[in-house]
Amino acid sequence: MPAITLPDGSVRRFDAPVAGTTVAEAIGPGLARAALAMKLDGRLVDLATVIDRDASVVFVTRRDPDALALIRHDAAHVLAEAVQALYPGTQVTIGPAIENGFYYDFARNEPFTPEDFPAIEAKMREIVAANAPFARQVWDRDAAIDFFEERGERFKAELIRDLPAHETITLYTQGAWIDLCRGPHMRTTGDVGSAFKLMKVAGAYWRGDHRNPMLSRIYGTAWRDQKELDAYLTMLDEAERRDHRRIGKDMGLFHLQEEAPGSVFWHPKGWRLYRAAEAYLRRRLDAAGYQEVRTPQLVDRALWEASGHWEKFREHMFIARVEDEDRVLALKPMNCPCHVQIFRQGVRSYRELPLRMAEFGSCHRYEPSGALHGIMRVRAFTQDDAHIFCTEAQIAPETVRFVELLASVYRDFGFAEFRVKFSDRPAVRAGDDATWDRAEAALREACATAGVEYDLNPGEGAFYGPKLEFVLRDAIGRDWQCGTLQVDFVLPERLDAEFVAEDGARRRPVMLHRAILGSFERFLGIVIEQYAGRFPLWLAPVQAVVATIVSDADAYAEEVAAALRAAGLAVTVDTGREKINAKIRDHSLAHVPVILVVGRREAEARTVALRRLGGEAQEVLPLAEALARLAAEATPPDLRETAMAAA
RNA sequence: GCCGACGUAGCUCAGUGGUAGAGCAACUGAUUCGUAAUCAGUAGGUCGUCAGUUCAAUCCUGACCGUCGGCACCA
């Protein structure tokens, strides 16, 4: 006699076990038509699932956000059926719903190409139009293995063999096609709808392991309706428009070339952006009680052996040898061991802790060729690195301070939102379990004190300690992992760092490895995409251009520019013989935030006509006023309060 | 590193087994024109590199380098 509680709190009683479909019909024909699946005591299941005990039920309709995952999962199945219909002999493996869509991995000698898409998509639409019901079947494990083996589906057979013994083996049919699947599915293939599109092909290792064979993966996107699909495709166009590689080239910020793969050639304009960011951060760190240092690029392998990096990361280090000396040096891939060397000079007292040692550390890592990506993933980069040497008791307060600093830095760069991931011990790690217990507990406690909410990211910690990862969200909704805070009890031990405690005993400090931007190269890539090249004034590489209307105004234009330069602004002058329309267009396309137009009128009245990027309005105002206003506006955010107070 | 695609002028791209074109940018000249393209002309490429096939290769084949999309990696 199941009693079914609905979301509005009402209860429906049935005399016998009842299918969700029947419950929906009992509530009303509208719901019966709209329901795609249901949540049974919070778990998403097929609508046809028979309910034989008291339960709460929420029906999932197309309007429900949960419908997306169902649509995408079902679309993956439809894709698999279409592919097997068109390319006999192709083996199916797995095909989950993912963010924004789905994929399916196939085993086939010849990989798919985008040219195959039109045929596959057409077949998929046929399958959707056929509106075949999804039907769940429970199978005996051995029978299922035999079934797939006989069909030559050895990947599926392997999946079943590796399922835990207690797991129920379920297969789903959709018309004549059948597949191993945990479910749930919607009612029919027709529920997938038409708002889907195949996007790209890619290789992917079987079960994500690089020692396994490579499968051919097809990615697709799927949405509840055409409007959502269009919005997603528009977002992709927008991302392409903002691509830092394109903007970097167009605006002349930097370039990369074959002779230095993974290293950035910063051009004058890009370097101005870089320096603005660096100067800003240096001020913030100074104010936050960090001491900046600079450590060697080339360091003997002995130090990397002592730190444990040699063993784990040797293949990813650039090695340097000299002919006359029989020693191996490595270009530093990170700064921490060097910072410990500074800490170890002389005897440290507990009075010096927490000691915050910062470095804009230039590092080199031999990243796999396939990992390189513009200036976002490079082999030569500069971390905004720092190590906080402290006691265990200081972990929590230092975490609080750090999170505050990080949040305010992100805000100043235009990122209002970020979230935190907590990565705990990985399978391969240094340090014993007791140490890890302490480190993780300390970090958890620190989060509680700082009021930081986080998602757990199991097994993803550094080899020496657990870490927090700070993920910011950009203007078009993409996530970027930038900041990090890592608790390390291991490295101080390995490199023998110690301090004299209050009781006169020698103790090990804890090291907090932390970064806010991560690396300048990557962060500036993100900033470029965040603003699509239209930087706020304080970051803009060219902050203003003075453009003349007639050559009679040339001398005055130079004078205006000189005055702005004296006020610290980056200004260029355009006295070219183009018409003002062309000049406005050129500088607007170059994303110069401010255009000061001067003609005879302005030269005589000693005014400027000020025009903002993107705006159509212009404002004529006295030179002195424009100067004061732009200087104030170009002040970096951390100096703004004091600048206002002084004015 | 693995799978796939790609590499032609500064940029975006077209093209062919008989040693290459467009638009924009650049340069030159004319135009002095008040808020997103003035006109005309000129110049610019060992078609990623190295081999091979061929009478002949930018085009076909192979290797390598790099880039792009994923996968794997990310101290």
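To find a chain, count down the sequence lines: A is the first, B the second, and so on, and within it residues start at 1. Below, all heavy atoms of this structure are taken into account, side chains as well, without hydrogens, waters or symmetry copies.
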Within the 4.0 Å heavy-atom criterion, would you say [X] contacts the bases, only the backbone, or no part of the nucleic acid?
X: A/Tyr219; result: sugar-phosphate
X: A/Gly615; result: nothing
X: A/Pro111; result: sugar-phosphate
X: A/Tyr464; result: sugar-phosphate
X: A/Ala547; result: nothing
X: A/Glu315; result: nothing
X: A/Pro261; result: sugar-phosphate

- Task: May I ask you to verify whether the side chain of A/Arg577 and the base of B/U32 hold a donor-acceptor pair under 3.5 Å?
- Result: yes
Determine: side-chain N/O of [X] to OP1/OP2 of [N], distance under 4.0 Å, yes or no.
X: A/Arg245; N: B/G69; result: yes
X: A/Arg207; N: B/A72; result: no
X: A/Lys332; N: B/A75; result: no
X: A/Ser216; N: B/C3; result: no
X: A/Lys200; N: B/G69; result: no
X: A/Lys583; N: B/A37; result: no

- Message: So that I can tick it off, tell me whether A/Arg356 and A/Glu398 are bridged by a salt bridge, with the cut-off set at under 4.0 angstrom between side-chain N and carboxylate O.
- Response: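 Counted as a salt bridge, because a side-chain N and a carboxylate O are separated by less than 4.0 Å.
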- Should A/Glu367 and A/His316 be marked as a side chain to side chain donor-acceptor pair (under 3.5 Å) after you check the CA-CA gap, both sets of side-chain angles, and the distance that decides it? CA-CA 6 Å; A/Glu367 300 286 1; A/His316 299 288; 5.6 Å; no
- Message: Return whichever of A/Ala462 or A/Met214 has its heavy-atom-nearest nucleotide of RNA chain B closer to the 5' end.
- Response: A/Met214
Could you pull out the protein-nucleic contacts involving nucleotides 40-46 of chain B (nitrogen or oxygen on both sides, under 3.5 Å)?
none

- Message: Let me check I have this right: for RNA chain B, each base becomes ., (, ), [, ] or |, based on Watson-Crick or G-U pairs with both distances under 3.5 Å. What is the full string?
- Response: (((((((..((((....[..)))).(((((.......))))).....(((((..]....))))))))))))....
- Query: Rounding to a whole Å, what distance do you find between A/Asn581:CG and B/A36:P?
  - Reply: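 Answer to the nearest Å: 5 Å.
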- Message: Whether A/Arg72 engages the ring of A/Trp223 as a cation-pi pair (distance to the six-membered ring centre under 6.0 angstrom, angle to the ring normal within 45°) should be assessed.
- Response: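 Judged by the rule, A/Arg72 and A/Trp223 form a cation-pi pair.
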- Is the charged tip of A/Arg207 near the ring of A/Tyr205: under 6.0 Å from the six-membered ring centre and within 45° of its axis?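 Judged by the rule, A/Arg207 and A/Tyr205 form no cation-pi pair.
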